[in-house]
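Remember, it's 1-based here, ligands and their atoms both numbered in the order they're listed. Bear in mind that the values here come from a model prediction, so they are computed numbers and not experimental data.
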Amino acid sequence: MAPTTLAMALAMAALVPLTLADDLLATYAQYLQMGAAVSQLDVVAQQGYAPYRVDCPANLTWVRPATGLADGESKFLQQRTPNVEAAVAKIVADAGISKPQRTPVIGIAMSGGGYRAMITTMGQVQGLQSSGWMDAVSYISGLSGGSWAATTYVANGGRNASDLNENVWDLGTDLISGPAGGKDAFYTRLAELVKAKADLGFPVQITDIWGLSIANHVLPLDFRTDTSPNFTISKLAANVPAFANGNLPMPIIVAAEIPHTTAAAAKTAPLYEFTPFEFGTWDSSNVTNGGYFTPVEFLGSNHTNGTCYNGFDQLSFITGVSATLFNNLGSLTSALFDPTSFPFLNVTTQNVATVPNPFQGYTGSENPDPADTELTLVDAGETDQNLPLLPLIVPERKVDAILALDASADTKNNWPDGTSLYTTYNATSGTDFKMPMVPSPNGFINGGFNTRPTFFGCNDTDTPLIIYLPNYPYSAWTNISSLTLTQSTNVTATQIVSAESSLTLNGTAGWPTCLACALTDRANGYTAANRSSVCAECFSVFCWNGEDNSTQPDAYTPTIGTPSFVSSLKLNVPSGVSAKPEKSLAGALTVPSVFALATAAVAWLAI
Ligand SMILES: *[C@@H]1O[C@H](CO)[C@@H](O)[C@H](O)[C@H]1NC(C)=O
Ligand SMILES: *[C@@H]1O[C@H](CO)[C@@H](O)[C@H](O)[C@H]1NC(C)=O
Ligand SMILES: *[C@@H]1O[C@H](CO)[C@@H](O)[C@H](O)[C@H]1NC(C)=O
Ligand SMILES: *[C@@H]1O[C@H](CO)[C@@H](O)[C@H](O)[C@H]1NC(C)=O
Ligand SMILES: *[C@@H]1O[C@H](CO)[C@@H](O)[C@H](O)[C@H]1NC(C)=O
Ligand SMILES: *[C@@H]1O[C@H](CO)[C@@H](O)[C@H](O)[C@H]1NC(C)=O
Ligand SMILES: *[C@@H]1O[C@H](CO)[C@@H](O)[C@H](O)[C@H]1NC(C)=O
Ligand SMILES: *[C@@H]1O[C@H](CO)[C@@H](O)[C@H](O)[C@H]1NC(C)=O
Ligand SMILES: *[C@@H]1O[C@H](CO)[C@@H](O)[C@H](O)[C@H]1NC(C)=O
Ligand SMILES: *[C@@H]1O[C@H](CO)[C@@H](O)[C@H](O)[C@H]1NC(C)=O
Ligand SMILES: *[C@@H]1O[C@H](CO)[C@@H](O)[C@H](O)[C@H]1NC(C)=O
Ligand SMILES: *[C@@H]1O[C@H](CO)[C@@H](O)[C@H](O)[C@H]1NC(C)=O
């Protein structure tokens with residue numbers, strides 16, 4: 001073996017996880033002995049995406065009932081809470097309101113909607129970063145495009161949208177076919193990575209291809225298909241010190257479970273969540289009776305027969321699972337994913353995400369078929385609950401306030417109309433979930449609640465307060481189709497600025513104070529009767545007053561600019577932390593081109 005090759009082999013040895021499968025170690029030993037060609041090293045490197053064998057831990061609790069938080073989550077909160085407390089103390093001091101009696105638990109729900117949702121959500125997050133609020137958030141819950149936002153945010157250590165757009169995201173190359181002119185090489189690489197997983201006996205689907213494609217555009221450069229595509233959600237703390245130190249919120253990525261035979265998910269389909277600690281579900285009908293969780297690090301294992309794996313829980317795969325809507329797209333799916341490139345996939349039957357069922361044999365009410373060896377998961381937007389609220393309104397998490405960032409495409413022109421909130425409200429009524437009442441979608445449009453921030457739950461005391469922040473075109477068209485597969489950095493930059501304005505209300509005096517009132521209301525123990533006069537003034541302006549004008553409205557067609565509700569605001573409260581002034585806008589404000597095949601995918605449009 002030539003010295004350089006030996007050096008390479010030793011360097012490689014340091015990179016190989018200690019717990020590789022026996023057969024892989026054998027391959028590797030063989031390589032060392034025989035001085036095999038470098039290409040055999042690729043076999044090892046490819047294990048970066050495919051799961052790898054580990055010993056089954058003797059003392060692991062493989063399935064726990066959903067009666068409290070995961071140990072890992074509790075420890076995370078212990079780390080996070082002092083940081084939240086410090087951030088809140090600073091913001092409320094700047095806003096001139098009192099420090100809450102206890103530290104609030106704040107969550108963000110990030111809706112689905114492909115790149116539209118990812119970009120506008122991250123633009124709104126940028127507004128929360130510039131005002132300090134991101135340091136006070138404990139959970140971010142992401143669905144489909146919102147899961148891409150949550151993932152790109154935490155995996156990149158909390159970098160802001162403008163920075164990501166310029167230095168990390170790769171939205172200029174096609175989301176599915178990869179680099180211009182490089183499709184063949186890209187697809188060969190994808191097929192190689194996914195086949196390595198299939199060769200271990202795991203079910204693989206379009207979701208694996210799709211997830212790797214998404215990751216290639218939004219994950220850190222070190223984890224792309226041409227580097228090391230092995231960023232698992234259970235290794236988030238290992239890869240991102242800011243998360244380990246409690247300086248970032250905990251991501252929760254969701255997907256809906258469907259029975260094998262159905263084409264689309266029901267509105268009340270069970271919701272499964274992936275966190276850095278666990279995979280599982282809170283029972284959607286009765287939280288105290290039926291949900292279950294398993295350690296996410298060992299997903300794909302079968303401990304009953306002693307076959308354990310790590311590495312199934314790739315962030316790429318999880319963002320793909322969360323955005324698996326091919327069961328709704330029909331023949332469009334094979335147009336998007338040319339079947340000849342992936343001969344080991346049948347796009348007709350492998351159009352859902354299947355995960356080895358860690359809950360096989362478990363008889364909780366949430367398990368439609370305890371005999372199943374596989375769970376079938378799809379994009380939870382198919383339930384019409386396109387804002388992932390359930391993980392934040394589950395009583396166990398004791399969330400005080402939810403920022404609901406809604407970029408759903410409910411209307412014909414891809415604007416939100418509150419359908420997601422309403423569907424969750426309706427679906428959880430009579431259950432243990434803590435969801436405040438909201439108006440119907442018509443009521444949202446007639447009341448203008450889909451144009452500006454509205455607070456829901458103001459008269460409640462045992463639900464979180466929901467701060468609804470809809471996608472609205474302040475300074476750019478932010479209603480691109482969910483099927484947008486490519487967009488220039490410049491256009492994305494204008495959308496980020498516009499979305500940031502929809503959060504900061506473009507610097508409207510008093511709004512930062514009102515936002516602070518909303519986010520600390522529960523932690524102050526306020527009720528409608530005892531709110532401070534400043535916060536009472538804010539709530540009189542921003543709370544939903546309970547009216548639901550359900551008359552069919554005219555078509556909803558906002559124009560670019562500050563919505564009239566906001567431009568006519570005169571808040572008689574301290575101005576609060578000053579938001580950054582709007583940056584000058586590069587590029588013309590033109591209506592975005594939409595993907596021509598959109599009409600073939602009505603279901604997708606709602607997501
Ligand atoms: C990913 O693979 C690289 C080697 O390619 C290794 O150094 C690293 O530890 C792996 N990361 C994770 C999170 O497993
Ligand atoms: C498993 O846990 C029990 C109780 O904590 C302990 O007595 C036992 O030694 C542990 N076994 C192993 C293999 O760690
Ligand atoms: C985004 O982050 C970059 C790098 O930290 C910083 O220079 C920039 O000012 C931030 N932009 C906004 C709008 O906050
Ligand atoms: C254990 O179960 C897995 C499926 O969960 C299967 O692929 C594997 O072949 C089984 N191994 C043994 C030794 O039975
Ligand atoms: C995919 O599966 C379906 C249903 O089993 C079958 O009808 C179809 O022929 C398969 N397609 C391919 C390309 O194998
Ligand atoms: C786990 O392995 C056992 C024994 O081989 C098998 O009966 C069972 O179906 C497997 N479970 C899953 C989820 O594949
Ligand atoms: C509300 O939920 C009920 C079942 O509880 C269902 O029959 C009804 O269709 C739902 N309404 C809407 C608008 O989703
Ligand atoms: C949930 O299940 C528990 C235990 O069976 C029961 O006591 C409780 O009433 C149920 N709650 C609801 C909302 O059905
Ligand atoms: C993008 O914006 C920069 C700065 O405004 C400009 O120099 C460049 O020409 C623009 N590129 C495109 C493709 O519009
Ligand atoms: C909350 O209470 C106020 C004062 O009683 C009332 O005017 C308002 O309609 C209530 N809001 C809701 C959503 O019921
Ligand atoms: C209710 O909505 C309809 C349709 O937008 C509108 O014409 C009507 O004025 C509204 N009614 C009230 C009382 O606001
Ligand atoms: C936002 O505020 C800036 C500075 O006050 C102003 O120039 C700009 O027109 C405003 N943008 C919108 C969309 O109103």
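- Of all atoms in ligand 5, numbered sequentially from 1 with element shown, those under 4.0 Å from a heavy atom of Thr349 are 2 (O), 3 (C), 4 (C), 5 (O).
- For the residue pair Thr373 / Gln360, no side-chain donor-acceptor distance below 3.5 Å is found, with atom types taken as modelled.
- In terms of polar-atom proximity, Thr348 is not counted as a contact of ligand 5, lacking any N or O under 3.5 Å from an N or O of the ligand.
- Every protein residue with a heavy atom nearer than 4.0 Å to ligand 4 is included here: Asn302, Asn305, Thr307.
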Which atom pairs, donor and acceptor, lie under 3.5 Å between side-chain atoms of residues 457-468 and protein residues at least two apart or in another chain?
unit_1	atom_1	unit_2	atom_2	d
Asp460	OD2	Thr463	OG1	3.3
Tyr468	OH	Asp406	OD2	2.7

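- Checked by distance only, ligand 7 and Asn426 come closer than 3.5 Å through their nitrogen or oxygen atoms.
- Around CG of Asp199, the count of heavy atoms belonging to other residues, nucleotides or ligands within 6.0 Å exceeds 12.
- Close approach of ligand 5 to Asn346 (heavy-atom distance below 4.0 Å) involves ligand atoms 1 (C), 2 (O), 3 (C), 8 (C), 10 (C), 11 (N), 12 (C), 14 (O).
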Handout entry: Evaluation steps, side chain to side chain contact (heavy atoms under 4.5 Å, CB included), between Val347 and Phe342
Key = CA-CA 9 Å; Val347 296; Phe342 308 107; over 6 Å; no
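- Every atom of ligand 7 is numbered from 1 in the order shown, and the set under 4.0 Å from a heavy atom of Tyr422 is 13 (C).
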Practice task
Might you work through the side-chain hydrogen bond (donor to acceptor under 3.5 Å, both in side chains) test for Thr423 and Asp384, ending with a clear yes or no?
Solution key: CA-CA 6 Å; Thr423 308; Asp384 282 354; 4.9 Å; no
Practice task
Check the pair Leu375, Phe279 against side chain to side chain contact (heavy atoms under 4.5 Å, CB included), reporting the backbone distance first and the verdict last.
Solution key: CA-CA 12 Å; Leu375 288 174; Phe279 167 77; 3.7 Å; yes
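- Every atom of ligand 7 with a heavy atom of Lys267 under 4.0 Å away is listed here by number and element: 14 (O).
- A 4.5 Å side-chain heavy-atom check between Arg397 and Trp282 finds at least one atom pair inside the cut-off.
- A donor-acceptor contact closer than 3.5 angstrom links the side chains of Thr424 and Gln385.
- Classified by interplanar angle (parallel below 30°, tilted 30° to 60°, perpendicular above 60°), the ring pair Phe312/Phe202 is tilted.
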